[in-house]
Amino acid sequence: MNHILRAKQQKANLDKLDKILASLPEAQYDHSEEEVPSKKSKTKKNAESVKKQPANKKTSPKKETSKKEEKKKVSSEEKTGWSWNKKKRGRPTSASKNPPLKIIPLGGLGEIGKNLTVYEYENEIIIVDCGMAFPDEEMLGIDLVIPDFSYLEENKDKIKGLFITHGHEDHIGAVPYLLQKLNIPVFATRFSMALIENKLAEKNLLSSAKLNVVKPGDIVAAGIMSVEFIYVNHSIPDSCALAIHTPAGVVIQTGDYKVDYTPTRGGIIDLARFGELGNKGVLALLSDSTNAERPGSTPSERVVGESFDVLFKNGSDKRIIVATFSSNVHRVQMVIESAVKFGRKVAVSGRSMEQVVAKALELGYLEAPAGTVVSLDAVNKLPENEVCIVTTGSQGEPMSALTRMSTGDHRKVNITSRDLVIISAYPIPGNEKYVGKVVNELMKLGAEVVYEKYSQIHVSGHACQDEQKLMLALTKPQYFIPVHGEYKHLKKHSDLALQMGMHEENVLIPELGRVIEVSVHGISAESTVTAGAVLVDGLGVGDVGNVVLRDRKHLGEDGLMVVSVTLSNKGKILAGPDILSRGFVYVKDSEELIENTKAVVEKAVLSGIAENKRDWQNLKTKIRDAASGYLYTATQRSPMILPIINELSEKDFDEEDNEE
């Protein structure tokens with residue numbers, strides 16, 4: 001029954017889209033000389049029209065005025081870069097008198113992750129998404145990275161709400177950290193909200209949170225602005241773009257999207273609504289740039305399902321393990337369907353996968369015949385060819401279930417030559433070596449491993465160039481702002497807009513913290529606000545900065561040497577220097593080096609005491625410089641030197657010696 005309803009809805013959407021596309025002028029994006037004529041061509045055309053008039057009939061002043069107005073219209077079209085009929089677009093004339101809308105990106109630009117965009121109109125603010133990013137290899141010991149909320153804290157009384165496009169970590173991962181500081185209303189679709197609730201429960205914030213569930217098509221009033229949720233296709237259920245209605249005009253933020261005409265679950269992206277908004281008038285479009293380097297269109301998710309069927313059939317005598325993103329519920333559904341088709345039970349491994357699958361089954365986003373999804377303990381009692389395990393670890397994360405399987409550390413799954421492992425995900429940039437390491441270790445254990453390079457077992461959830469062009473064509477924005485990606489992605493996406501006919505002055509590549517002011521009169525980005533990254537390490541949020549990271553890197557690369565010396569209050573050396581090495585050299589194998597270092601330190605101490613008997617800070621600096629200089633000369637390495645000076649009176653020191 002659900003399939004029939006989905007088919008009817010898809011047909012209705014397509015019929016609606018056909019009507020929208022049919023209403024668009026044929027030469028809408030053609031900026032040739034025929035559409036915006038030069039002075040020369042206009043003069044020639046006017047001369048021809050005059051010749052066609054009767055000789056005894058003069059041109060009326062009214063017609064001359066209309067031609068002047070036509071000239072103004074053409075120049076205006078040249079300025080905006082698009083040439084649709086503005087009356088038809090329906091942009092309200094009052095918008096020209098309104099103040100500009102401020103768009104402030106606090107995350108998601110020049111990077112993959114921690115998406116957060118602020119919309120500010122006069123004294124009101126709404127926030128779109130609040131995501132996290134994973135630390136890079138330079139951020140030693142850091143668990144995750146979140147946006148800097150300083151600007152939001154400074155303007156907390158203006159905030160009307162947080163609006164979520166979808167439930168991926170790079171869009172909701174920082175929500176608990178924001179709500180710890182600002183208990184603002186949150187608006188999200190059903191599945192996205194379920195994932196947010198799990199996160200808030202872990203931080204004991206669920207009971208106090210102001211959570212509001214919406215559905216595609218809903219319009220939420222947020223003060224002077226309102227936010228419309230528009231259904232899109234993506235790799236997680238209930239994804240939406242947002243149309244932000246403001247007195248300055250309508251701004252569309254696509255969120256993450258693709259155009260999938262044959263989705264495995266849910267309906268087709270609501271292209272008709274984008275077209276309707278485009279005809280009425282879109283002030284600015286903020287669009288997903290992730291796949292701006294990829295030509296063509298993103299394949300349908302159904303392609304992966306067909307590949308799974310082939311792999312399940314060919315691996316009929318093996319246990320099958322599928323690794324994918326825990327949030328990719330559509331992919332998990334296809335694994336379940338293939339498993340049922342070939343008579344296998346399905347178990348889930350990995351904390352995040354277990355949570356998402358349980359919630360998706362509870363809410364009806366996953367469907368499985370009774371008894372299909374069982375525990376790991378249950379499948380371990382079944383024959384290998386009747387088992388399928390869905391697991392986390394598609395990115396080679398060190399503590400993920402698949403990585404632990406590859407190293408033999410998983411408590412319930414041991415990899416053997418009787419296993420077929422399918423890694424159904426692209427490596428996120430920077431994770432290639434981790435994924436490669438996991439693949440190597442699995443193969444060493446005898447497993448057959450299938451990954452994206454050799455089989456169509458993954459498709460992206462992001463739009464490629466043809467889909468990005470379609471979004472531009474439907475919405476026809478006055479201004480275009482590429483978002484969600486590294487600079488190369490933003491630049492490539494802006495180039496696509498220029499190819500579509502937009503003028504360069506109407507396309508703006510944004511920067512973090514740069515305040516974009518946009519109105520029907522123009523777009524600019526002059527002022528800035530505080531923006532950046534806040535590092536989360538355990539329970540500490542923001543207490544680890546560049547200095548700490550630099551020290552961690554130094555310790556990791558060169559190790560530590562602790563130099564301890566005890567001095568009397570009169571400036572005599574009572575004990576030491578003593579040296580402790582960690583991560584630099586093994587003391588028992590480097591006795592000569594250690595003794596020479598002691599001699600260098602003792603000389604530096606005596607010199608320092610002679611210069612200033614009571615300035616211990618200066619003395620520590622002399623010890624550090626002397627030891628560091630000698631060790632680099634001797635080893636070409638620079639360990640971190642940590643001097644420790646203990647001060648005792650000579651009387652106390654003598655008493656301690658007598659007691660011993």
Side-chain angles (χ1 to χ4, degrees), residues 24-42 68-93 95-96 98 100-103 105 109 244 246 248-254 274-275 277-289 292-293 463 465-485 487-511 514-526:
L24 301 179
E26 289 184 9
Q28 193 153 335
Y29 307 109
D30 183 6
H31 297 278
S32 63
E33 290 184 355
E34 290 180 1
E35 190 172 355
V36 185
S38 64
K39 273 187 176 182
K40 186 176 179 181
S41 62
K42 282 174 69 178
K68 288 180 181 179
E69 290 173 353
E70 184 180 347
K71 185 176 180 181
K72 287 182 181 179
K73 181 179 176 182
V74 171
S75 64
S76 176
E77 289 168 356
E78 290 175 336
K79 185 176 180 181
T80 61
W82 299 91
S83 57
W84 62 78
N85 185 313
K86 293 193 174 177
K87 187 176 180 181
K88 187 174 182 179
R89 293 180 69 232
R91 180 175 291 129
T93 55
S96 62
N98 290 324
L101 171 70
K102 294 179 180 178
I103 304 173
L109 299 177
I244 298 153
T246 78
V250 177
V251 176
I252 294 177
Q253 183 160 344
T254 65
F274 288 112
L277 290 170
N279 278 346
K280 292 177 181 178
V282 172
L283 179 64
L285 171 67
L286 283 72
S287 188
D288 176 11
S289 305
E293 295 178 307
Q465 290 180 0
D466 285 354
E467 296 150 287
Q468 291 168 347
K469 290 178 181 178
L470 177 61
M471 183 62 68
L472 282 161
L474 288 172
T475 57
K476 304 184 292 294
Q478 185 174 354
Y479 304 104
F480 176 61
I481 305 170
V483 294
H484 200 287
Y487 186 84
K488 61 179 181 177
H489 303 127
L490 307 183
K491 181 64 169 66
K492 199 73 175 179
H493 203 174
S494 67
D495 290 343
L496 287 179
L498 297 178
Q499 292 172 21
M500 292 285 291
M502 291 195 74
H503 289 178
E504 191 171 350
E505 61 268 25
N506 292 355
V507 178
L508 187 148
I509 298 178
E511 299 176 19
R514 183 74 65 176
V515 179
I516 302 168
E517 295 193 11
V518 59
S519 71
V520 294
H521 301 296
I523 186 170
S524 63
E526 304 297 333

Keeping Glu517 on the side-chain end and Lys102 on the backbone end, is there a donor-acceptor pair under 3.5 Å?
no
Find the distance between CZ (Arg514) and OG (Ser524) and round it off to the nearest 0.5 Å.
10.5 Å
Roughly how far apart are Ile103 CD1 and Ile244 CD1, rounded to 0.5 Å?
7.5 Å
Yes or no on side chain to side chain contact (heavy atoms under 4.5 Å, CB included) for Asn279 and Lys476, after CA distance, side-chain angles and deciding distance?
CA-CA 8 Å; Asn279 278 346; Lys476 304 184 292 294; 3.1 Å; yes
Close side-chain approach of His493 to Leu496, heavy-atom, < 4.5 Å
yes
Check Leu283 against Ala248 and note the closest heavy-atom contact, atom names and distance.
CD2-O, 3.4 Å
Report yes if the side chains of Glu511 and Leu109 come closer than 4.5 Å at any heavy-atom pair, otherwise no.
no
Heavy-atom nearest pair, Val282 first then Leu285, reads CG1-N, 4.5 Å
Considering all heavy atoms, the nearest Pro105-Pro510 contact
CG-CB, 4.1 Å
From the list Asn506, Leu498, Leu472, Thr475, side chain to side chain contact (heavy atoms under 4.5 Å, CB included) partner of Phe480 resolves to Leu472
So which of Val250, Val251, Ile523, Ile516 actually passes side chain to side chain contact (heavy atoms under 4.5 Å, CB included) with Leu101?
Val251
Has Gln478 got a side-chain atom pairing as donor or acceptor with Val520's backbone, closer than 3.5 angstrom?
yes
When you measure from the side chain of Ser289 to the backbone of Val483, do you find a donor-acceptor pair of N or O atoms at a distance under 3.5 Å?
yes
Roughly how far, to the nearest 0.5 Å, is the CE atom of Met500 from the CE atom of Met471?
11.5 Å
Distance in Å, Gln499 CD paired with Gln465 CD, rounded so as to fall on 0.5 Å steps:
7.5 Å
Short side-chain to backbone donor-acceptor contact, Thr254 and Asp288, under 3.5 Å:
yes
Answer yes or no: is there a donor N or O on one side and an acceptor on the other, between the side chain of Tyr479 and the main chain of Gly522, under 3.5 Å?
yes
When every non-hydrogen atom of Glu293 is compared with those of Lys488, the smallest separation belongs to OE2-CD, 3.4 Å
